[in-house]
Amino acid sequence: MDSINKSFSGVQVLKNVNIELYKGEVHALMGENGAGKSTLMKIMAGVYQPDRDSGKIVYKGNEERWNNPMEARNKGISVIHQEISLSPNLSIGENILMGTKFKKNKLGLVKWNEIYETADRVLKSIGSSLNPKANVSTLSVAQQQMVEIARALSFNSEILIMDEPTASLTDKEIEKLFGIIEELKKKGVAIVYISHRMDEIFKISDRLTVLRDGNWIKSGPISETSPDNLVKLMVGRELSDLFVKERKQETIRPKDEVPALELQGISDKNLVDNVSLKLYPGEIVGLAGLVGAGRTELIRTIFGLSKLQEGRILLDGEDVQINNPIEAMKLGIAHVPESRKEQGLLPNLSVKENILMAQLPTYRKYRLLQTKRMDHDAERYIKELGVKTASKEQNVMGLSGGNQQKVVIAKWLSISPKVLLLDEPTRGVDIGAKTEIHKIICKLADQGLAVLMVSSELPEVLGVSDRILVMHEGKLRAELSREEATQEKIMYFATGEVK
Amino acid sequence: SGGGSESSGEPAEPNNENTDEVGTEGEQLKIGLTVPTLGNPFFVAMSKGAEEVASKYDAEVITVSAEHDLAKQTAQIEDFITKKVDLILLSPFDSAGIAGAVAQARAAGIPVVALDGFAEGGINTVVMSDNVQAGRLAAEYLVEQLDGKGNIVIIDGPPVSAVTDRIKGFNEVISEYPDIKVIANQNGEGNREKALDVMESILTANQQIDAVFTINDEEAVGVQIAQEQAGRQDEFFIVSVDGAPSAVDLLKAGGSFAGTSAQFPNTMVIDGVALALKIIEGEEVAEEVLIPTKFITQDNVDSYEGW
Amino acid sequence: MNINPQESVQTRVSFKKRSQQIFNNLGMVIILFLLIVVMMIVAPNFTDPSNILNILRQSSITAILAAGMTLVILTGGIDLSVGSILALSGVISVMLSNAGVPVPIAMLAGVGVGYLVGAINGYFTAKPKLPSFIVTLGSMTYVRGLAFVITGGYPVVLASENFKFIGSGYILGIPTPIYVMTLVYIVMFIMLKYTMFGRHIYSVGGNEEASRLTGIKVERTLINVYSISGMLAGVAGVVMAGRLFTGQPMVGVGAELDAIAAVILGGTSFVGGFGRIQGTIIGVLIVAVLTNGMTLLNVDYYWQQVVKGLVIVIAVLLDRLRKRV
Amino acid sequence: MNINPQESVQTRVSFKKRSQQIFNNLGMVIILFLLIVVMMIVAPNFTDPSNILNILRQSSITAILAAGMTLVILTGGIDLSVGSILALSGVISVMLSNAGVPVPIAMLAGVGVGYLVGAINGYFTAKPKLPSFIVTLGSMTYVRGLAFVITGGYPVVLASENFKFIGSGYILGIPTPIYVMTLVYIVMFIMLKYTMFGRHIYSVGGNEEASRLTGIKVERTLINVYSISGMLAGVAGVVMAGRLFTGQPMVGVGAELDAIAAVILGGTSFVGGFGRIQGTIIGVLIVAVLTNGMTLLNVDYYWQQVVKGLVIVIAVLLDRLRKRV
Ligand SMILES: Nc1ncnc2c1ncn2[C@@H]1O[C@H](COP(=O)(O)OP(=O)(O)OP(=O)(O)O)[C@@H](O)[C@H]1O
Ligand SMILES: Nc1ncnc2c1ncn2[C@@H]1O[C@H](COP(=O)(O)OP(=O)(O)OP(=O)(O)O)[C@@H](O)[C@H]1O
Ligand SMILES: [Mg+2]
Ligand SMILES: [Mg+2]
């Protein structure tokens, strides 16, 4: 692809971007949130057309143009899109084959058996045991991601685009995915790989292209660069403090210190099974585990979203009953949920209102809202957390992922919590914003906040936590101190290979 | 959908003071009555008439409303057939449209008497107001009051035969007077609400109006409200058709509402049943019984019984 | 070793909302069944074969409209224009037939008019992405206006006896409209379940963006769906004309609401993507049995309205509660 | 130094669909303006002060209903019952007033009935999460049934002159309903913009799940919204009774569609969460000016329907196209 331009409603998001793909390579496409990676890939896949008179796509030596995803696919280009793009009401099998011509019988009617058989074969080949007849709406995000991957692999493509395929996968599945990528490479498939996880990039890719602000910055072999260098290219400046936790370690606590949050043998009706833990003020505890280990479920139970079946929750040493988020908030618990888009953001409202929505009652005077005070406070939070926004009145959906996440965090800080529950706080967030969020978390802990952080990204867990807990199938399997924790150890406990 | 509109007539010069305990011996007489809408006092009055019949003959009367829906009325007749009623009284919402259902009922051996409007499909007889005459009466009064010249407004209604007949009769008379000019012709959908809105606009567009004809009394009331609010109550008078309770009140109050061609819904039912009983007993009856309307003015309203 | 240990667990938060909108059919079948049992006990002559046929014939118009409406609601839209299309199609086919056009062609023309209006609805919904509610509210208004304009407001009496057959005839003792209705439902069932187009409807309704990405022609699917809804409204209009021996400009007012109620009672969700055509016919029958039974019981007409309104809410409520347990 | 260079770009792909559903008001203001200019030129006496007051007075009922409808649609729901509530409230307040209850109390009772029906709608929509369409379709039916039951089908003639004032009176030469309408819009504007409840409506409409997690009482918000819609329908019913001098069980049929059309013309989106009350009044006025102008021009009633239907679609279309550029 050569000097591609693309604008949306007058705003140019790609400016003369070039990318070259060779057979059998894994090509990493790098850039911050909003750099234009997905847009470029959507052009390659026929979802969008480049702006008129701009650039050209040369495929196998010929200049080509495709007008819709179908045409691109027929030419051998398949995509795993960043946003999960499944139809929730259809079966897994149908989703995998959707968009292809279904096999038909003599009457022109769809042959369901063949669909399910084909889908089953594809699923098996990527090591998934999902039932192709099951409905997609019954799947977890991770499982849906696997279905997306299966769909992309369901026909023999020559170019495979993977737009953040691992955002909601944990290491175990990622390993499997990398295995598949290796096999495809051998078959000569060209793969475009987009991810915000540095370690993955250096593990699997051969070459890379960096975009910044819609501009092409650099292409070249991965071997000629280093993580620090790459970040610099992406961000356009030196970013010295990657993943470095500048906090003093406080592993030894006074015997009589009261935990901010204590769980005593709590279970819920689904998954969480007899979990006990203590969380002290000023401490960041990481909670690791595989997809579906029950971490989200545990956090939801604490926040009153999932019913407590057994056990006790203590805050500052006192027994509390939490039946819903409102009660949890009153007790000083904040919760940054797993899915920013579906559970965190109030899409049509401004940044200001997103930040202050949980705290509106305190801004009331004679039943009306005091807009001056709201403006003032919103600006304070925007500044404190370094939210990059045109103004506090900007619609929150116009922000990049990382800044959206900061807004969600700000919303919870506005209630001045004692305990902060974070569920995947940096999923899909680029490296620069991720670092800033980590800094914010650490700063808050320094100010005495107790933080419980779920993350599927091990470097993050290792980099930020004071202590690390590992869950497997609803049970707490291990507690590791910052010093003793390694990726291997965590995976060992997380996979349940322990008695 | 328009509200009231359809209507009908006056005592079929009651020939039926009588009816010695007719009905089917032994078993109670079952009568099905379907009307276009029970949202119109006219049909409510008709259903009241049916109740009178019920007590008179010790009959059971089932009253249903078609809500201005032909399909619904057809279904209702089918249900009557299933219920094995002895007689169907049908105030048709649409004379042609109901034919299929009427034919079915006749095939099942049930006499069908149409009320307030003709119906195809082989009804035994129809008892209705003479709507053409009603329109004519109103027109004649209007012409007389205007001395054969002036600007008039017509407020039309839903396109059902009762309404179109009134307009027809009205136009028949008016067309003979070239000096009477129809300066606006709008649709009030047969109800007060819409007639009021429409009249407000007509008042704005026309500086000199001498008289207004509306197809029913509800519309007339709407027109009068608009007129009074515009402060033009002395400018023109209103005539309509129906003889509804609201019209009686207005006539008694003595404003710009000048007169209405009154119909007689409950008599219509009573006559209809009487005719049907004759049919059941094998007597011949007239194909059509037209009940003339009576023009009620402020002068003679006190002698009018009302619905 | 299973890399997807959570396979057995069922729902995710994000889909909770969605699945709460699903009603499966079983609950409504039970409600219909109970209603029938009650009516058999209390309503005189309810079980007469002729009454059963009546109920079915009376349902046929709403059922045909509701079949098309099911497709539209499956895509997450709504079609308010069906009642007006019914009127216009009836009027046009009757006028053509009266003008000497052969009956089948006159009927096809009526159906074609419905198809055309539907296609226009679909075009505006799919291409400039106007909300279907407003597009079909607009066509509901202008289509009925047209029906009035071309008839001058008067009903047009149907002359042809052959034409009447479609609405009032019998084949083997069973009224023709019942055959039409049955045919429509069989075709729709097969189409939804066994054709690409049918599956695309579910896909588009479930996730429009995703469908586009997988190469489904979303616009074309939508246009076809609205066209079919319009076409079926045309079919209903022709049957209605044959049943009523007339082309009526004011027939079918409010029919769209009956059809929508049937679809929703039948378990199709407004969210789009969830529902089955079998459910719709159950929904149609619930309302039809209730209305027929109450008339047989001579329930006061006004109270019938009250009961009907309450039954709609209670039926949906019971179905929801049943699913909670 | 900017680490998020794309900040200036406004929308994200995933919200394309959503934002396409937003209509801002400006486009409709222009359309209203054009319409007024055309009418000034062609329609006799259009600019008479008395005609302007007429248009406003005629709009007031729809406008009051549409204000409540705006809130409901902002939460992503719909309220079909407002026309029936209008009838029931009118009937009840007139009957009470005729029975000797002091006028203000009779009026309050009418409004209260509306509030109650609205609260029931809200309860079923919020708690067992039934689709608002079906809940309010049900109440649309049973509420009108009740209005018929309590009046026996007869309109109830209003006796009290004081009562008539609310619908037919003048204050400083301006009809009372215009004051009522203005008051409703001012209150709604302030409520939506400057109260917590108002902001919660937007929040719940935009993302129910996220709102719940933010500690917003979603159920209570929804119940309040439907209650307000019902209450305003009650206000409209009382004004209508005062305007028509009668409590009519059959008044307001189809009024819900007029109100919905106005809301959507005014730019509030069915998706929920987008829209403004100012837009709604523009939507109401577009339809009112059009109808008034055509009546002044003595356009045939049936053609008025055709034109009105087309204008609705075209207005929304133009607005959409304008935004494309
Ligand atoms: N359909 C669209 N309409 C308007 N703007 C768009 C559209 N799609 C993308 N954009 C804008 O284009 C820019 C590039 O977006 P893109 O999704 O390609 O970024 P990305 O590099 O994939 O980011 P991320 O890492 O967050 O996935 C962003 O500023 C985005 O807001
Ligand atoms: N609200 C819910 N209703 C029903 N099932 C749920 C709900 N939330 C989570 N689950 C299920 O519980 C299981 C545990 O999921 P949970 O989200 O707690 O795991 P996790 O360790 O956080 O993994 P993930 O990375 O997927 O978030 C999952 O299989 C999920 O399907
Ligand atoms: Mg992207
Ligand atoms: Mg999780």
Side-chain angles (χ1 to χ4, degrees), chain A residues 8-9 11 13 32-36 38-39 42 83 212-214 235-237 239 303 305 324-326 328-330 335 337 339 341-349 353 357-358 360-361 363-364 367-369 371 386 388-390 394-395 397-403 411 415 430 432-433 436, chain D residues 1-22 74-76 187 189-221 268-269 271-276 323-325:
Chain A
F8 291 111
S9 36
V11 182
V13 297
E32 291 183 302
N33 291 128
S38 300
T39 307
K42 283 184 177 168
E83 305 279 341
R212 189 199 313 150
D213 198 8
V235 180
R237 67 184 160 111
L239 203 69
F303 201 60
L305 287 161
N324 56 49
I326 299 170
M329 285 165 63
K330 287 214 182 99
H335 168 231
S339 164
K341 200 173 106 190
E342 284 170 8
Q343 303 170 323
L345 295 171
L346 307 167
N348 37 300
L349 297 178
E353 288 194 289
M357 191 53 83
L360 284 189
Y363 292 99
R364 283 198 298 180
R367 320 214 85 222
L368 298 184
L369 295 171
T371 43
K388 300 293 183 301
T389 173
Q394 150 101 46
N395 184 324
M397 299 323 288
L399 299 189
S400 72
N403 283 304
K411 169 165 83 183
I415 70 164
D430 71 47
E436 295 201 13
Chain D
M1 222 176 24
N2 184 356
I3 58 158
N4 290 293
Q6 82 288 24
E7 232 101 273
S8 56
V9 187
Q10 281 144 6
T11 7
R12 303 281 308 179
V13 196
S14 46
F15 283 87
K16 208 173 140 194
K17 221 165 55 178
R18 184 149 226 156
S19 45
Q20 274 176 345
Q21 304 261 13
I22 317 172
L74 273 175
T75 67
V187 171
F189 176 81
I190 293 175
M191 200 197 69
L192 278 177
K193 192 143 182 178
Y194 295 109
T195 72
M196 186 166 92
F197 172 59
R199 302 323 291 172
H200 283 180
I201 291 175
Y202 282 93
S203 179
V204 169
N207 189 340
E208 200 175 308
E209 179 71 13
S211 303
R212 204 183 307 275
L213 291 181
T214 308
I216 293 174
K217 294 185 177 122
V218 174
E219 279 81 26
R220 209 169 72 182
T221 306
T268 297
S269 150
V271 193
F274 290 99
R276 280 179 283 180
K323 244 155 260 158
R324 279 277 171 83
V325 189

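In this text, all values refer to a predicted model and were calculated from it rather than measured experimentally. Below, chain A is the first sequence line, B the second, and so on; all start at residue 1.
The part of Leu349(A) that comes within reach of chain D is its side chain, from C-beta onward, which places non-hydrogen atoms under 4.5 angstrom from that chain. Contacts of Phe303(A) with chain D are made by side-chain atoms alone, with heavy-atom separations under 4.5 Å and no backbone atom involved. Proximity to chain D (any heavy atom under 4.5 Å) is shown, for Ile415(A), by neither the backbone nor the side chain. Residue contact with chain D, scored on non-hydrogen atoms closer than 4.5 Å, involves the backbone of Arg367(A) exclusively. At a 4.5 Å heavy-atom cutoff, the contact between Met357(A) and chain D is made by backbone and side-chain atoms alike.
Between His200(D) and Ser211(D) the shortest side-chain heavy-atom distance does not fall below 4.5 Å.
By the 30° and 60° cut-offs, the orientation of the rings of Tyr194(D) relative to Phe189(D) is perpendicular.
Your options are Asn324(A), Ile326(A), Thr371(A), and the one with the most heavy-atom pairs under 4.5 Å with chain D is Ile326(A). Among the candidates Arg364(A), Lys330(A), His335(A), the residue making the largest number of heavy-atom pairs closer than 4.5 Å to chain D is Arg364(A).
Not one N or O on the side chain of Arg212(D) forms a donor-acceptor pair closer than 3.5 Å with the backbone of Lys217(D). For Ser269(D) (side chain) and Phe274(D) (main-chain N/O), no donor-acceptor pair under 3.5 Å exists by modelled atom type. Under a 3.5 Å cut-off, the side chain of Lys388(A) and the backbone N or O of Gly402(A) do not form any donor-acceptor pair.
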Between Ile216(D) and Val204(D), is a side chain to side chain contact (heavy atoms under 4.5 Å, CB included) present by the stated rule, with each step listed? CA-CA 8 Å; Ile216(D) 293 174; Val204(D) 169; 4.1 Å; yes
